[in-house]
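Every heavy atom of this structure was used, including side-chain atoms; hydrogens, water molecules and symmetry mates were not.
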Amino acid sequence: MAPIIHLVRHAQGYHNLSEENQQIPDPDLTPLGIKQCEELCKRFDAHDKITHLVASPIRRTLYTCLRSFAPAVDAGKKVIALPDAQEISTLPCDIGSDPSKLKEEFADRVDFHLVKEGWNDKSIESRYYPTPVKLEERSRAVRLWLRELVSKDGEDAQVVLVTHGGILHFLTQDFDGVKLERGTGWDNTELRSYEFEDPTGQDPNASLKETAPSWRRRRGSAIPLTETEQIQIQQAFQARLAEEIKTRGGSSDDSSAVVD
């Protein structure tokens, strides 16, 4: 069996309740979000097969991972916080807390060795400012990092990565179902499973493909989008992102990267 990457969108946070709440810095999960984690924990049937837990260092993704995959946590697995897996936007809700605060809050349940000072800097010059080029670059970096991670455990590796609705489309290079008005086609605590397209590990992009059981579970006999259709939806998504950047006072030069 090839290594499996289980990708998960975080549970509901307070920023999901209203546009005004998007101004809350690094918000908590709602009571419904906590319940969603409990339900995911019950329906996921491979807790004993998990070799690695990974999450964006944003608080809601860390808590989603700790709660939803509690059996693996209780068995001794630490959550690795991965800065490149953080969400797209520059809204306060999508800007993470300082490393010192995170380490104090999560203690030894989370491995923060990759989270350095400045990981939550989303200024124009930073790695995490959301131009399409930068989003594609760091999504590729995440895939390469995951491939290196599973290479140490062979074909039995099963990794859980809890991340965010926007960046998930760039990670998977799949924009099927994206809803432009909400910035994602993924529901809270939705889980999809993937393999690397190239089992030899030579693909320079480390591209992922959804496993057949995962696709059937959520789409039945539907036919995946063509490459042309994917590109068209991606361009529309990136155009909306560029417009939002300009509306919030970002550099007008960013719009030129939309179709890069």
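Put simply, the residue from R218, R217, R192 that forms a salt bridge (charged side-chain N to carboxylate O under 4.0 Å, His left out) with E210 is R218. Shown are I4, V150, N205; of these, the side-chain contact (heavy atoms from CB on, under 4.5 Å) with F196 is made only by V150.
Residue Y129 is grouped with residue L135 when hydrophobic side chains (ILVMFWY) are merged at heavy-atom distances under 4.5 angstrom, including chains of intermediate members.
Judged by distance alone, the side chains of Y128 and D84 do bring a donor and an acceptor atom under 3.5 Å apart. Counted by atom type alone, D153 and T51 present zero donor-acceptor pairs between their side chains at under 3.5 Å. Residues E197 and Q173 bring no donor and acceptor atom of their side chains to less than 3.5 Å of each other. A donor-acceptor contact closer than 3.5 angstrom links the side chains of Q230 and D174.
The existence of a salt bridge linking R219 and D176 is confirmed by a sub-4.0 Å separation between a basic side-chain nitrogen and an acidic carboxylate oxygen.
The aromatic rings of W186 and H169 sit perpendicular, their planes meeting at an angle over 60°, well past the 30° parallel limit.
Checking side-chain atoms of S56 against main-chain N and O of T61 turns up no donor-acceptor pair under 3.5 Å.
For residues 144-165, the ring pair (Phe, Tyr, Trp, His ring centres under 6.0 Å) pairs, not counting sequence neighbours, are H10-H164.
If you chain together ILVMFWY residues whose side-chain heavy atoms come under 4.5 Å of each other, W119 ends up grouped with V8, L29, I34, L40, F44, I50, L53, I58, L62, Y63, L66, F69, V73, V79, L102, F106, V110, F112, V115, V160, V162, L191.
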